[in-house]
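This one's a predicted model, so the numbers in the text were calculated from it and none came from an experiment.
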Amino acid sequence: MAKKLIVGQSEWTISDEEAPGVAKLVREAMQSRTLVELPLLDGAGRAVTVFLNGAVAPTVVLDLDGVPRPSEMA
């Protein structure tokens with residue numbers, strides 16, 4: 001399973017190479033309430049840039065394990 005970033009109802013995949021940097025940027029955005037640019041992949045695997053505004057995003061889910069949970073289908 002792939003690493004994922006979920007903001008509200010939107011979900012993106014994180015490449016293995018980008019995962020440490022994305023985690024750092026998400027933490028920075030949420031702690032300092034700033035805007036960051038995240039290099040992610042859309043549902044079709046295409047590279048996209050997602051702008052995360054830590055001042056308005058109430059919750060961000062960062063799943064770096066990529067392992068399905070018992071309630072998720074593989």
Side-chain angles (χ1 to χ4, degrees):
M1 293 292 295
K3 295 166 178 36
K4 297 185 285 188
L5 177 74
I6 304 167
V7 181
Q9 299 298 317
S10 300
E11 183 176 314
W12 297 275
T13 303
I14 308 167
S15 70
D16 289 337
E17 306 83 45
E18 297 288 355
V22 168
K24 181 180 180 216
L25 288 170
V26 168
R27 185 176 300 110
E28 177 184 310
M30 298 304 286
Q31 288 177 338
S32 63
R33 300 175 52 87
T34 58
L35 178 71
V36 294
E37 294 182 40
L38 305 173
L40 302 172
L41 304 170
D42 67 7
R46 295 177 299 230
V48 296
T49 300
V50 173
F51 294 88
L52 174 66
N53 186 340
V56 298
T59 304
V60 175
V61 177
L62 188 58
D63 179 3
L64 297 180
D65 287 336
V67 178
R69 307 300 187 266
S71 62
E72 294 179 342
M73 296 183 70

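Between L52 and A57, the shortest heavy-atom contact is CD1-CB, 3.9 Å. Of all heavy-atom pairs spanning K3 and D16, the tightest one is NZ-OD1, 3.1 Å. L64 and A19 make their closest contact through CD2-CB, 4.1 Å (heavy atoms, listed as atom of the first residue, atom of the second, distance). Nearest heavy atom pair, residue A2 against residue T13, reads CB-CG2, 3.4 Å. Across all non-hydrogen atoms, the minimal contact from P39 to E18 is CG-OE1, 3.3 Å.
V7 and L41 are not part of a single hydrophobic cluster, where members link through side-chain heavy atoms under 4.5 Å apart. Using a 4.5 Å cut-off between side-chain heavy atoms of Ile, Leu, Val, Met, Phe, Trp and Tyr, with links allowed through other members, V60 and V48 fall into the same hydrophobic cluster.
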Could you pull out every donor-acceptor pair under 3.5 Å between side chains of residues 21-28 and any protein atom, sequence neighbours left out?
none

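Within the structure, side-chain hydrogen bond (donor to acceptor under 3.5 Å, both in side chains) pairs that include any residue of residues 34-49 comprise S32-T34, D42-R46 (at least two apart or interchain).
At least one side-chain heavy atom of I14 sits less than 4.5 Å from a side-chain heavy atom of L62.
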